[in-house]
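All remarks here apply to the structure that follows.
Just so it is clear, the values below take in all heavy atoms, side chains as well, and ignore hydrogens, waters and symmetry mates.
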Amino acid sequence: MTDADMLAQEKAQYFPQDPTSEPFPFHSTDPKVTASVQVPLKVEVERRKRLFSNQDITLLLGSEGVTRSMLAEAFGTDAKIPLRMLDDRDLEPRTWSEWLAAGEEGAAFKFLPARAFCVKARSWRPCKVVERKAEDDTYTLKWADTHETETLPRLAVMFLGEDPFVFAKRVSGALQA
């Protein structure tokens, strides 16, 4: 093992709920940042990673007026209109092919670390997104703590490389539409 490999292994991120799990793909939690004249790109990426990782999506949604019961109703099986029909796609930070590239390790897609809303528990839980079904824009994921598989709509899944402030506004806007 080279020094670079050992350093990468030390810096690897894991879900604390599942210490036996494999490390996140290297760039899977990097936020999308465009080049800036004022700050080097790597510095800005690291700043945003730290800012985003310290945010609680439940509190951000609460500040937008969104409660857990509203989310449970919107993502539950009894929803009258799928929330994806009211989603503002302009707030999507990356295309699916860009997300796939972020979740690659070597030449193969591993997974994307995320937080998803669990309707049963009425809470945001850490998970690994392993697949997307394009026809209905749903995501197959594995919960980090139980390893159970579930399929959820896009607005119930916030990738760790995604801006949580924009995501909260996106979910709030869809619920209010």
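- Residues Trp99 and Glu162 bring no donor and acceptor atom of their side chains to less than 3.5 Å of each other.
- In plain terms, the two heavy atoms of Glu98 and Thr95 that are nearest each other are OE1-N, 2.9 Å.
- Rounding to the nearest 0.5 Å gives a distance of 9.5 Å between SG of Cys127 and CE of Met158.
- With sequence neighbours excluded, the residues that form a side chain to side chain contact (heavy atoms under 4.5 Å, CB included) with Arg89 are Asp87, Asp137, Arg170.
- For the atom pair Arg94 CZ and Glu92 CD, the distance stands at 10.0 Å (nearest 0.5 Å).
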* Residues Glu64, Leu175; criterion side chain to side chain contact (heavy atoms under 4.5 Å, CB included); working and verdict -> CA-CA 10 Å; Glu64 295 287 331; Leu175 286 169; over 6 Å; no

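- Atom OG1 of Thr58 and atom CZ of Arg122 lie 13.0 Å apart (nearest 0.5 Å).
- Side-chain atoms of Arg125 and Thr146, non-hydrogen and from C-beta on, do get closer than 4.5 Å to each other.
- Atoms CG and NZ, from Asp163 and Lys32 in turn, are 13.0 Å apart once rounded to the nearest 0.5 Å.
- For the residue pair Ala114 and Val157, the shortest heavy atom distance occurs at CB-CG1, 3.9 Å.
- Rounding to the nearest 0.5 angstrom, the gap separating the CZ atom in Arg132 from the OG atom in Ser97 is 9.5 Å.
- Ring geometry, Tyr139 versus Phe159: the interplanar angle exceeds 60°, so the pair is classed perpendicular (tilted spans 30 to 60°).
- Between Arg47 and Glu44, some side-chain heavy-atom pair lies under the 4.5 Å cut-off.
- Across Leu155 and Phe75, no two heavy atoms sit closer than the pair O-CZ, 3.3 Å.
- Atom NZ of Lys169 has 12 or fewer neighbouring heavy atoms from other residues, nucleotides or ligands inside a 6.0 Å radius.
- Considering only heavy atoms from C-beta on, Phe111 stays 4.5 Å or farther from Leu141 through its side chain.
- Listed by chain and number, the hydrophobic cluster partners of Leu91 are Val166, where partners are ILVMFWY side chains within reach of under 4.5 Å, directly or through others.
- A pairwise comparison of heavy atoms in Val130 and Phe109 identifies O-CE2, 3.4 Å as the closest pair.
- Residues Phe167 and Leu60 are not in side-chain contact: their nearest non-hydrogen atoms beyond the backbone lie 4.5 Å or more apart.
- Side-chain contact between Leu71 and Val171: present, with at least one pair of heavy atoms (C-beta onward) separated by less than 4.5 Å.
- Formation of a donor-acceptor pair under 3.5 Å by the Ser172 side chain with backbone atoms of Ala168 is not found in this model.
- In this structure, CG on Leu112 lies 10.0 Å from CD on Glu104, to the nearest 0.5 angstrom.
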